[in-house]
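These notes are about the structure you will find just below.
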Amino acid sequence: MRSFGTAVVIAGLLITGLAALVFADPPIVNDMASLDLSLIPVAALSNQGKVEATKTAAARLQSQWTIFFASAKDAFPGDKEWARGLETVKEGITEAVQAAQEGNVTKVHEVLEDVRNTMEALRERRNIVYYLDGFSKFRRVLEKTTVFLNGKKASDLTDTDIRFISSMVPALKSSWASVQAANLNADLFHLDAANIAEIRSAMDAVQKNIARLESVAPGGTPEQVFDTLNLLKPSLKKAFLMFAKI
């Protein structure tokens, strides 16, 4: 007959094991992170217009995609939408790699944006929690807030523009709060303590810029609103590109 102490130890081990199963990232999430660690550099380098570096990074992406596809294609047996989605991603990566070889970095960036959106949609429909999707969701809210600023100067802002920007602040705050609250698995993205500190610092800058926008948007001058809003994209980009490892 087992002693009470032994039973407690066994129960504790069972509970610990269950907790590990609940909170550990499933293999498909690890594979997705590995793919992104190859994809993000290509997107970043192509956006910077670095042709040769984009070609090199695109070749690495192609290799990583082959590894990912071999693992992911059977992740959801019988799920035709998953299979079609992966084919769409495969076509996109093939197109991006070809464009990289041709030196068309603008096309590379555009195609990879579609690839990331497709992957995000595939995860969302299967309730796969993935850290970087929070950044994408926030960026879309930010783009909705700033889209009409393209080609404008501060002096072009109207009272209607400023009221709209002010009305978007709650959505910006809520979306970014979700990013900050999400669990960042350092091992998943091969981050060390210094990397995490840099990411947190960049994320804090985004938060401060949102707070600053909230303070000036209701009644600030066009210059104050324009300048503050234009700080948000660089601070977000800095935080996100910490995952690029380029």
Side-chain angles (χ1 to χ4, degrees), residues 36 39-49 105-125 129-184 189 196-244 246:
D36 263 346
L39 189 153
I40 295 172
V42 184
L45 291 166
S46 60
N47 196 38
Q48 295 166 12
V105 291
T106 300
K107 184 176 181 179
V108 172
H109 191 75
E110 291 174 351
V111 171
L112 290 185
E113 187 69 22
D114 289 338
V115 166
R116 286 176 55 204
N117 288 338
T118 299
M119 288 298 299
E120 182 182 348
L122 288 172
R123 285 189 287 266
E124 187 171 353
R125 289 168 191 157
V129 177
Y130 184 65
Y131 182 78
L132 292 180
D133 287 344
F135 279 83
S136 298
K137 290 179 173 68
F138 176 78
R139 187 188 59 191
R140 286 195 288 272
V141 177
L142 181 58
E143 287 177 347
K144 182 178 178 181
T145 310
T146 60
V147 65
F148 65 92
L149 293 181
N150 294 335
K152 286 189 177 182
K153 306 183 295 294
S155 57
D156 296 325
L157 288 188
T158 65
D159 290 342
T160 300
D161 292 335
I162 293 175
R163 282 194 296 272
F164 171 73
I165 293 168
S166 183
S167 75
M168 291 297 296
V169 169
L172 289 168
K173 289 174 64 178
S174 174
S175 181
W176 190 246
S178 295
V179 177
Q180 290 184 304
N183 176 52
L184 172 53
F189 295 102
I196 293 293
E198 287 185 77
I199 289 171
R200 292 300 184 196
S201 177
M203 290 174 69
D204 286 344
V206 176
Q207 174 62 33
K208 289 175 183 175
N209 286 329
I210 294 172
R212 183 177 173 184
L213 181 64
E214 183 177 31
S215 70
V216 301
T221 66
E223 289 74 17
Q224 289 174 318
V225 174
F226 186 86
D227 292 344
T228 304
L229 194 56
N230 277 295
L231 289 174
L232 272 169
K233 279 191 176 181
S235 58
L236 175 65
K237 184 177 181 180
K238 181 177 180 180
F240 183 73
L241 288 186
M242 288 301 301
F243 295 90
I246 58 175

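Sequential numbering from 1 along the given sequence is applied to the chain's residues.
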Nearest heavy atoms of Arg200 and Gln180, plus distance in Å: NH1-O, 4.3 Å

Pairs satisfying side chain to side chain donor-acceptor pair (under 3.5 Å), at least one member in residues 132-143, at least two apart: Glu113-Arg139, Arg116-Ser136, Glu120-Lys137, Glu120-Arg140, Arg123-Asp133

Spacing of CG belonging to Leu231 relative to CD1 belonging to Ile210, to within rounding of 0.5 Å: 12.0 Å

Glu110: which of Asp114, Val108, Thr106 passes side chain to side chain contact (heavy atoms under 4.5 Å, CB included): Thr106

Minimum heavy-atom distance Val225-Val216, with the two atoms named: CG2-O, 3.7 Å

Smallest separation among heavy atoms of Ser235 and Asn209, with atom names: OG-ND2, 3.3 Å

Separation of Ser155 OG from Glu223 CD (nearest 0.5 Å): 7.0 Å

For Tyr130, all residues meeting ring-ring contact (aromatic ring centres under 6.0 Å, His included), sequence neighbours excluded: none

Non-hydrogen atoms of Ser215 and Arg212 that approach each other most closely: OG-O, 2.6 Å

Ring geometry between Phe135 and Phe240 (parallel below 30°, tilted from 30 to 60°, perpendicular above 60°): tilted

Residues in ring-ring contact (aromatic ring centres under 6.0 Å, His included) contact with Phe226, at least two apart in sequence or another chain: none

Minimum heavy-atom distance between Leu39 and Leu112, given as atom pair plus value: O-CD1, 4.2 Å

From CD1 (Ile199) to CG (Asp204), nearest 0.5 Å: 12.0 Å

Rounded distance (nearest 0.5 Å) linking atom CG of Asn117 with atom CD of Glu124: 11.0 Å

Heavy-atom pair of closest approach, residues Ser46 and Ala43: OG-O, 2.9 Å

Those residues that, when tested against Thr160, pass side-chain hydrogen bond (donor to acceptor under 3.5 Å, both in side chains) (two or more places apart): Arg163

Min side-chain heavy-atom separation Met168-Leu229 under 4.5 Å: no

Within-4.5 Å side-chain heavy-atom neighbours: Val141 and Trp176: no

Within 6.0 angstrom of Lys144 NZ, more than 12 heavy atoms from elsewhere: no

Beyond-backbone contact of Thr221 with Leu157, side-chain heavy atoms, under 4.5 angstrom: no

Derivation of the side chain to side chain donor-acceptor pair (under 3.5 Å) call for Thr158 and Asp161: CA-CA 5 Å; Thr158 65; Asp161 292 335; 3.2 Å; yes

Interatomic spacing from NZ in Lys233 to OG1 in Thr145 - rounded to 0.5 Å: 9.5 Å

Side chain to side chain contact (heavy atoms under 4.5 Å, CB included) evaluation trace for Thr146 with Leu232: CA-CA 10 Å; Thr146 60; Leu232 272 169; over 6 Å; no

Ser167 side-chain N/O to Phe164 backbone N/O, donor-acceptor pair under 3.5 Å: yes

Value rounded to 0.5 Å, distance of CD1 in Ile165 from CG in Leu213: 7.0 Å

Criterion side chain to side chain contact (heavy atoms under 4.5 Å, CB included) on Asp36 and Met119, from CA distance to verdict: CA-CA 10 Å; Asp36 263 346; Met119 288 298 299; over 6 Å; no

Non-neighbouring partners of Asp156 that pass salt bridge (Lys or Arg N to Asp or Glu O under 4.0 Å), sequence neighbours left out: Lys153

Which residues share a side-chain hydrogen bond (donor to acceptor under 3.5 Å, both in side chains) with Ser175, sequence neighbours left out: none

Side-chain heavy-atom pair Phe138, Leu142 within 4.5 angstrom cut-off: yes

